[in-house]
A.B. asks: 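Dumping the structure here so I can ask a few things about it.
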There are 2 protein chains.
Amino acid sequence: MSVQERKQRERAERERLIVATARELAEQQGWDAVTTRRLAERIEYSQPVLYSHFRGKREIIGAVALQGATELAGALRAATVTADGPRARVAALARAYLDFAARNPAVYDAIFQLDGGLAYAQEDTPEPLKGAFAALQESLGEVAGNGVHAGLFTETFWAALHGLATLTRARRLPPEYIEQRVELLVDRLALV
Amino acid sequence: MSVQERKQRERAERERLIVATARELAEQQGWDAVTTRRLAERIEYSQPVLYSHFRGKREIIGAVALQGATELAGALRAATVTADGPRARVAALARAYLDFAARNPAVYDAIFQLDGGLAYAQEDTPEPLKGAFAALQESLGEVAGNGVHAGLFTETFWAALHGLATLTRARRLPPEYIEQRVELLVDRLALV
DNA sequence: TTGATTGTCTAGCGGCGCTAGGGTCGAATC
DNA sequence: GATTCGACCCTAGCGCCGCTAGACAATCAA
């Protein structure tokens with residue numbers, strides 16, 4: 001059975017390679033440049049091999065999204081544990097979120113803009129996505145204020161961050177004053 | 001000279017037809033379905049005719065975006081004039097904005113998500129885009145609060161609306177409770 | 001009437017996501 | 001160790017895409 005196991009391992013390894021390569025290519029040249037041909041060439045296999053791992057390009061985007069969501073959740077938690085008090089936690093959370101979006105634009109798109117065939121905000125939502133939302137809510141739930149549902153507050157605050165992240169990167173918002181906008185958001189939305 | 005004028009009129013009319021058809025097709029089946037072939041077929045001309053009006057598909061998206069921005073500005077102003085007092089104006093503005101995004105998803109994408117080759121937040125930004133932002137600022141500037149720059153406040157509030165609009169439509173946010181989220185935003189961000 | 005110009009179309013280029021079908025090569029059997 | 005068999009991967013190609021070159025027809029000017 002050792003031969004089969006080795007093959008399974010190699011297959012899993014190749015799948016990781018595909019996802020990592022897609023992500024890398026997307027960050028380097030944008031998702032439009034991630035074509036099945038280019039991707040196949042980079043991993044040094046032919047195109048059809050991709051389809052033995054994923055149903056299509058959409059699923060590859062989805063895989064990158066899940067990986068990214070896990071990292072995002074980690075980054076958010078890492079940023080908030082060291083902060084002192086609810087207000088500081090929320091501020092750190094907001095900065096970490098926007099920082100992640102700015103540093104990993106392609107991954108951010110995979111999670112929040114592109115169609116990766118994933119279910120969001122439902123029961124069958126994959127764990128990494130739920131986890132990322134949970135990471136947001138852990139800090140934001142503290143400052144929702146009386147009578148305001150924590151989930152609803154988290155969604156709204158998150159939407160504001162998402163708007164800042166996407167409009168800035170799509171050059172719809174001038175890149176200056178990011179910090180002031182975050183301050184404004186935290187000051188007004190978070191009740192300490 | 002009347003012949004030339006007639007030709008010019010006809011050309012302009014055809015250009016309007018192209019933009020209107022692209023918009024219609026995009027709203028019906030999404031921007032992915034707006035291919036130069038389909039577009040050409042719908043206007044009953046061959047593909048190259050499109051390229052005698054626009055440099056490419058990107059410019060067609062840009063044309064739809066400009067048209068949409070003008071409409072958006074109008075919708076925002078129409079919604080705010082009847083409202084009584086700054087708080088009500090902002091609430092009406094927010095609802096009108098989200099309503100526009102929900103009713104014209106493809107146009108909204110053309111304005112705020114897709115690449116239409118337009119300049120944003122710069123001196124050479126086309127007038128319709130400046131106008132839409134101005135329409136936002138007219139109502140939002142009133143509730144920025146002391147010491148907060150009106151432009152910065154407008155950008156931040158707008159980003160929050162944009163986040164709600166896009167996340168809702170991309171099914172990242174559950175479609176219920178939209179009104180509550182808007183209430184929350186207006187209550188907290190707008191200083192009356 | 002003729003020649004130039006303008007306008008439009010047909011055809012085609014390279015590239016896309018995706019798949020059918022054939023060939024190769026290693027594992028299991030005798 | 002030879003033979004069979006099945007898993008695996010590649011070549012080739014389908015119907016699309018955005019975009020363009022070059023042929024051709026209609027119109028205008030001389």
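All values below come from the heavy atoms of this structure, side chains included, with hydrogens, waters and symmetry mates left out. Labels below follow one simple rule: chain letters A, B, ... track the order of the sequence lines, proteins then strands, and each chain is numbered from 1.
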A.B. asks: Would you call the rings of A/His162 and A/Tyr108 parallel, tilted or perpendicular, taking 30° and 60° as the class edges?
C.D. replies: parallel
A.B. asks: Heavy atom of residues 43-56 of chain A under 4.0 Å from DNA chain C: which residues?
C.D. replies: A/Gln47, A/Pro48, A/Tyr51, A/Gly56
A.B. asks: What is the nucleic acid contact for A/Arg58, judged by heavy atoms within less than 4.0 Å: base, sugar-phosphate only, or nothing?
C.D. replies: nothing
A.B. asks: Listed by chain and number, what are the side chain to side chain donor-acceptor pair (under 3.5 Å) partners of A/Arg171, not counting sequence neighbours?
C.D. replies: none
A.B. asks: Report the distance from atom CD of A/Glu59 to atom C1' of C/dG17, rounded to the nearest whole Å.
C.D. replies: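 Checked: the CD to C1' distance equals 14 Å.
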A.B. asks: In plain terms, say whether A/Glu10 and A/Lys7 are close enough for a salt bridge, that is, a side-chain N and a carboxylate O under 4.0 Å apart.
C.D. replies: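 No salt bridge links A/Glu10 with A/Lys7.
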A.B. asks: Taking salt bridge (Lys or Arg N to Asp or Glu O under 4.0 Å) as the definition, give me every residue that meets it alongside B/Arg14, ordered by chain and number, with sequence neighbours left out.
C.D. replies: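 Applying salt bridge (Lys or Arg N to Asp or Glu O under 4.0 Å) to B/Arg14 gives none.
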A.B. asks: List, one per line, each side-chain donor-acceptor pair under 3.5 Å for residues 43-51 of chain A, sequence neighbours excluded.
C.D. replies:
residue, atom, partner, partner atom, Å
A/Gln47, NE2, A/Thr36, OG1, 2.7

A.B. asks: From NZ of A/Lys7 over to C1' of C/dG26, roughly how many Å is that when rounded to an integer?
C.D. replies: 7 Å
A.B. asks: Provide, to the nearest angstrom, the distance between the CD atom belonging to A/Glu41 and the C1' atom belonging to C/dC16.
C.D. replies: 15 Å
A.B. asks: Please name all residues satisfying side chain to side chain donor-acceptor pair (under 3.5 Å) with A/Glu183, sequence neighbours left out, ordered by chain then number.
C.D. replies: A/Arg95
A.B. asks: Within residues 17-39 of chain B, find the residues that approach DNA chain C with a heavy atom at under 4.0 Å, and present them sorted by residue number.
C.D. replies: B/Arg37
A.B. asks: With sequence neighbours excluded, tell me which residues meet side chain to side chain donor-acceptor pair (under 3.5 Å) with B/Glu15.
C.D. replies: B/His53
A.B. asks: What residue pairs, at least two apart or across chains, pass salt bridge (Lys or Arg N to Asp or Glu O under 4.0 Å) with a residue in residues 61-77 of chain A?
C.D. replies: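 Those involving residues 61-77 of chain A are A/Arg23-A/Glu71, A/Arg77-A/Glu138.
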A.B. asks: Can you sort out which residues in residues 106-116 of chain B have a heavy atom within less than 4.0 Å of DNA chain C? Ascending by number, please.
C.D. replies: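 Heavy-atom contacts with DNA chain C come from no residue of residues 106-116 of chain B; none.
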A.B. asks: Can you give the donor-acceptor pairs under 3.5 Å from side chains of residues 185-192 of chain A to other protein atoms, not counting sequence neighbours?
C.D. replies:
residue, atom, partner, partner atom, Å
A/Asp187, OD1, A/Arg87, NH2, 2.6
A/Arg188, NH1, B/Ala144, O, 3.2
A/Arg188, NH1, B/Leu189, O, 2.7
A/Arg188, NH2, B/Ala144, O, 2.6

A.B. asks: Which residues pass the side chain to side chain donor-acceptor pair (under 3.5 Å) test with A/Arg38, not counting sequence neighbours?
C.D. replies: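 Counting only residues at least two positions away or on another chain, A/Arg38 forms no side chain to side chain donor-acceptor pair (under 3.5 Å).
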A.B. asks: Considering every strand and a 4.0 Å limit on heavy-atom distances, what is the contact class for B/Arg11: base, sugar-phosphate, or nothing?
C.D. replies: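 The residue B/Arg11 makes no contact with any strand.
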A.B. asks: Going by salt bridge (Lys or Arg N to Asp or Glu O under 4.0 Å), name the pairs with one or both residues in residues 54-68 of chain A, residues two or more places apart or in two chains.
C.D. replies: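 For residues 54-68 of chain A: A/Arg55-A/Glu59, A/Arg58-A/Asp115.
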